[in-house]
Enquirer: 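Here's a structure for you.
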Amino acid sequence: MTKKVVSIIGSGRTGSTLLMLILGSHPECFALGEISKLYRYYNKKQALCGICSDTCSFWEQQFTKTELDRLTAVLGNTRLNPLIPLQLEKKVREIFHLDGVFNIYSSIFEKLSETVLIDSSKEVDWVKERYKAKEFTAGKIQNYLIHMVRDGRATMSSKLRITPGLTATEFSHQWAKRIKKTNEFFDRFPSERKMVVRYEKFITENQKTLQNLCQLLQIKYVPEMAQYWKHDHHPIAGNTGTRSLILKYRNEEGRAIQNQVQQRQGDYYENMGLKLKLDLRWQKELSSEKLEIFERIAGETNKPFEWN
């Protein structure tokens, strides 16, 4: 069976962590999370897994230290051997057919029985670079794109809530630029392997959206996948609020995550329970001044995503 990698792209604060975890709850899928951050976490000796409170049973037990050193070095585009320039090593390894180390998804698949990886890294430039690897160009792995979108006003409200000092003007320019860049990449990608998922529809029409996603990926729809909190996950990074609900279901403390959620979100996640809930806090949180700024700068870009 052909291995598949699903890349979730788009701006942050759109529900990509939720989508990643729900897709990763399918028996044929594994939720990687934001694998692009693994190199940074590993080098700073931070916890790799966004769920495991201690040693991760996947990242730190399935991989040896040598394997993690190599995997993270490739992810960080840094030298595998401190004495050999990276480009030179790539050429030499290719000549002697030892370049498999640069196929990061293949390296991860070797540790799994699942055949579909869900990567929620979101950054278009990072995804482009990954797709240059031989595992894709040689057809060993099939790539799929999901463009996760959300009303830009909701995205702004969420981003401002967790980013002290960020202004509505700064956010609006950044968001519009990122959406344009993502759209350009998405539009050039083969139509049979891509799909736009709208956050608001994903929540309000969850079953239908998941059925469409499963059809795209050619996997059987499994209703239980929507209850992502009941499944085992080992994602890198991701929305702390969404991850906190898994800990809540397991009756685990996860004190660092819970404190961060409380500081950023107040009692929102504490009170919402485990069912999917459409987050429309932006309608009360954003002042008329901030809405006017967003409309002036990014309103035209946001028109396809408006949810009123």
Enquirer: Do you see a donor-acceptor pair shorter than 3.5 Å between the side chains of Tyr131 and Thr137?
Expert: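 Judged by distance alone, the side chains do not pair up.
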Enquirer: Flag yes if more than 12 heavy atoms outside Lys140 fall under 6.0 Å of its NZ atom; otherwise flag no.
Expert: no
Enquirer: Could you tell me whether the side chains of His234 and Asp232 share a donor-acceptor contact shorter than 3.5 Å?
Expert: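 Result is yes, a qualifying pair exists.
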Enquirer: Would you check if Tyr41 and Thr72 make a side-chain contact, meaning some heavy-atom pair closer than 4.5 Å?
Expert: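 A side-chain contact is absent here, since even the closest heavy-atom pair is not under 4.5 Å.
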Enquirer: Does the Lys290 side chain pair with the main chain of Ala168, one donor and one acceptor, at a distance under 3.5 Å?
Expert: no
Enquirer: Do you know the tightest heavy-atom contact between Leu213 and Leu23?
Expert: CD1-CD2, 4.2 Å
Enquirer: How close do Thr155 and Gly12 get, counting heavy atoms only, and between which atoms?
Expert: CG2-O, 3.2 Å
Enquirer: Using atom types as modelled and distance alone, determine if a side-chain donor or acceptor of Thr163 lies under 3.5 Å from a backbone N or O of Lys159.
Expert: yes
Enquirer: Treat each ILVMFWY residue as a node, draw an edge where side-chain heavy atoms are under 4.5 Å apart, and state whether Val92 and Leu86 are in one component.
Expert: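 Per the 4.5 Å side-chain linkage, Val92 and Leu86 are not co-clustered.
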Enquirer: Treating Arg193 as the side-chain partner and Asn143 as the backbone partner, does any N or O pair qualify as donor plus acceptor under 3.5 Å?
Expert: yes
Enquirer: Will you find, in the side chains of Ser121 and Glu34, an N or O donor that is under 3.5 Å from an N or O acceptor?
Expert: no
Enquirer: Which atom pairs, one a donor and one an acceptor, fall under 3.5 Å between side chains of residues 73-81 and the rest of the protein, sequence neighbours left out?
Expert:
from	atom 1	to	atom 2	distance (Å)
Thr78	OG1	Ala73	O	3.3
Arg79	NH1	Pro82	O	2.9
Asn81	OD1	Leu83	N	2.9

Enquirer: Any donor-acceptor pair under 3.5 Å linking the side chain of Asp119 with the backbone of Ser7?
Expert: no
Enquirer: Can you name the nearest heavy-atom pair linking Cys29 to Glu114, along with the distance?
Expert: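 Distance-wise, the nearest heavy atoms are O-CG, 3.4 Å.
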Enquirer: So that I can tick it off, tell me whether Lys181 and Asp125 are bridged by a salt bridge, with the cut-off set at under 4.0 angstrom between side-chain N and carboxylate O.
Expert: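 Yes.
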Enquirer: Measure the shortest side-chain to side-chain distance between Thr182 and Ser11 over non-hydrogen atoms and say whether it is less than 4.5 angstrom.
Expert: no
Enquirer: How long is the straight-line distance from CD of Gln46 back to CZ of Arg40, given to the nearest 0.5 Å?
Expert: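 Going from the CZ atom of Arg40 to the CD atom of Gln46 covers 7.0 Å.
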Enquirer: Can you tell me if CD on Glu300 sees more than 12 non-hydrogen neighbours from other groups inside 6.0 Å?
Expert: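 No.
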Enquirer: Between Gln142 and Thr2, do the side chains contain a donor N or O and an acceptor N or O under 3.5 Å apart?
Expert: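 Side chains of Thr2 and Gln142: no pair found under 3.5 Å.
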Enquirer: Which residue, Arg153, Arg281, Arg13, forms the side chain to side chain donor-acceptor pair (under 3.5 Å) with Ser158?
Expert: Arg13
Enquirer: Should the ring pair Phe58 and Phe30 be called parallel, tilted or perpendicular, given that the plane angle runs from 0 to 90° and is split at 30 and 60?
Expert: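 If you compare the ring of Phe58 with that of Phe30, the planes turn out tilted.
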Enquirer: Is there a donor-acceptor contact under 3.5 Å from the side chain of Lys122 to the main chain of Ser120?
Expert: yes
Enquirer: Would you mind telling me which of Gln61, Gln62, Glu67 makes a side chain to side chain donor-acceptor pair (under 3.5 Å) with Lys111?
Expert: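 In the set Gln61, Gln62, Glu67, the residue that makes a side chain to side chain donor-acceptor pair (under 3.5 Å) with Lys111 is Glu67.
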Enquirer: Please find the pair of heavy atoms, one from Trp126 and one from Ser36, that lie closest to each other, and give the distance.
Expert: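 Looks like CE2-CB, 3.4 Å.
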Enquirer: Would the distance check show the side chain of Arg178 and the main-chain N or O of Gly10 forming a donor-acceptor pair, the cut-off being under 3.5 Å?
Expert: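 Confirmed, Arg178 side chain pairs with Gly10 backbone.
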Enquirer: Answer yes if the ring centres of Trp59 and Tyr42 are under 6.0 angstrom apart, and no otherwise.
Expert: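 Judged by ring-centre distance (under 6.0 Å), Trp59 and Tyr42 do not meet the cut-off.
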Enquirer: For Leu48 and Glu60, work out which heavy atoms get closest and say how close.
Expert: CD1-CG, 4.0 Å
Enquirer: Under a 4.5 Å cut-off applied to non-hydrogen side-chain atoms, are Glu306 and Asn302 in contact?
Expert: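 They are in side-chain contact.
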Enquirer: Can Leu98 be reached from Val101 by stepping across I, L, V, M, F, W or Y side chains whose heavy atoms are under 4.5 Å apart?
Expert: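 No, Val101 and Leu98 fall in different hydrophobic clusters.
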Enquirer: State, with a plain yes or no, whether a side-chain heavy atom of Phe202 is found less than 4.5 Å away from one of Leu210.
Expert: yes
Enquirer: Between Lys3 and Glu135, does a salt bridge (Lys or Arg N to Asp or Glu O under 4.0 Å) hold up when you go through it step by step?
Expert: CA-CA 10 Å; Lys3 301 284 199 303; Glu135 57 190 346; over 6 Å; no
Enquirer: Are the side chain of Ser172 and the backbone N or O of Ile297 linked by a donor-acceptor pair below 3.5 Å?
Expert: no
Enquirer: Taking atom CD of Glu170 and atom CD1 of Ile293, what is their separation to the nearest 0.5 Å?
Expert: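 Answer rounded to 0.5 Å: 10.5 Å.
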Enquirer: Would you give the length of the straight line joining atom CG of Leu32 to atom CD1 of Ile8, rounded to the nearest 0.5 angstrom?
Expert: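 Leu32 CG to Ile8 CD1: 10.0 Å, rounded to 0.5 Å.
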Enquirer: Please report the C-alpha distance between Val5 and Phe109 in whole Å, then the side-chain angles of each, then the deciding distance to 0.1 Å, and finally whether the side chain to side chain contact (heavy atoms under 4.5 Å, CB included) criterion is met.
Expert: CA-CA 10 Å; Val5 169; Phe109 271 125; 4.2 Å; yes
Enquirer: How many angstroms lie between atom CG of Leu280 and atom CG of Asp151, to the nearest 0.5 angstrom?
Expert: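 Atom-to-atom, Leu280:CG and Asp151:CG are 9.0 Å apart.
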Enquirer: Excluding sequence neighbours, so at least two apart, what forms side chain to side chain donor-acceptor pair (under 3.5 Å) with Gln227?
Expert: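 Gln227 satisfies side chain to side chain donor-acceptor pair (under 3.5 Å) with Lys230 only.
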Enquirer: Locate the shortest heavy-atom distance separating Ala154 from Trp282; write the atom from each residue and the value.
Expert: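 So the minimum-distance heavy-atom pair works out to CB-CD1, 3.3 Å.
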Enquirer: Under a 3.5 Å distance rule, please check whether Lys194 uses its side chain to pair with a backbone N or O of Phe189 as donor and acceptor.
Expert: yes
Enquirer: Is there any side chain to side chain donor-acceptor pair (under 3.5 Å) pair reaching into residues 201-223, and which pairs are they, with sequence neighbours excluded?
Expert: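 Listed once each, the pairs would be none.
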Enquirer: Spell out, yes or no, whether Ile95 and Leu88 are grouped together once hydrophobic residues are joined by side-chain heavy atoms under 4.5 Å, including indirect joins.
Expert: yes
Enquirer: Are side-chain N/O atoms of Asp279 and Tyr199 paired as donor and acceptor at under 3.5 Å?
Expert: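 Judged by distance alone, the side chains do not pair up.
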Enquirer: Evaluate Ile35 against Ile108 for side chain to side chain contact (heavy atoms under 4.5 Å, CB included), listing each step before the verdict.
Expert: CA-CA 11 Å; Ile35 190 71; Ile108 296 172; 4.2 Å; yes
Enquirer: Leu276 versus Leu18: any side-chain heavy-atom pair under 4.5 Å?
Expert: yes
Enquirer: Any chance you could lay out the salt bridge (Lys or Arg N to Asp or Glu O under 4.0 Å) test for Glu292 and Arg296, step after step, and finish with the verdict?
Expert: CA-CA 6 Å; Glu292 188 280 325; Arg296 173 167 47 83; 3.6 Å; yes
Enquirer: Aromatic rings His147 and Phe186: how do their planes relate, parallel, tilted or perpendicular, breaks at 30° and 60°?
Expert: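 Tilted: the ring planes of His147 and Phe186 meet at 30° to 60°.
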Enquirer: To the nearest 0.5 Å, what is the distance between CG on Leu71 and OG1 on Thr66?
Expert: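 Atom-to-atom, Leu71:CG and Thr66:OG1 are 12.5 Å apart.
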Enquirer: Determine yes or no for a side-chain-to-main-chain donor-acceptor pair under 3.5 angstrom, with His26 supplying the side chain and Glu28 the backbone.
Expert: yes
Enquirer: Within a 6.0 Å radius of atom NZ on Lys91, are there more than 12 heavy atoms belonging to other residues, nucleotides or ligands?
Expert: no
Enquirer: Let's go through Lys134 and Asp99 carefully: what are the C-alpha distance in whole Å and the side-chain angles of both, what is the deciding distance for salt bridge (Lys or Arg N to Asp or Glu O under 4.0 Å) to 0.1 Å, and is it a yes or a no?
Expert: CA-CA 9 Å; Lys134 187 176 290 185; Asp99 53 344; 2.9 Å; yes
Enquirer: Check whether any side-chain heavy atom of Ile141 sits under 4.5 Å from a side-chain heavy atom of Ser106, and report yes or no.
Expert: yes
Enquirer: Is the shortest heavy-atom distance from the side chain of Met156 to the side chain of Trp175 under 4.5 Å?
Expert: no
Enquirer: Do Tyr144 and Lys4 come within less than 4.5 Å of each other through their side chains, counting heavy atoms only?
Expert: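 Yes, side chains in contact.
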Enquirer: Do His233 side-chain atoms and Tyr228 backbone N/O form a donor-acceptor pair below 3.5 Å?
Expert: yes
Enquirer: How long is the gap from CD on Glu184 to CD1 on Ile179, to the nearest 0.5 Å?
Expert: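 Spacing of CD (Glu184) from CD1 (Ile179) equals 11.5 Å.
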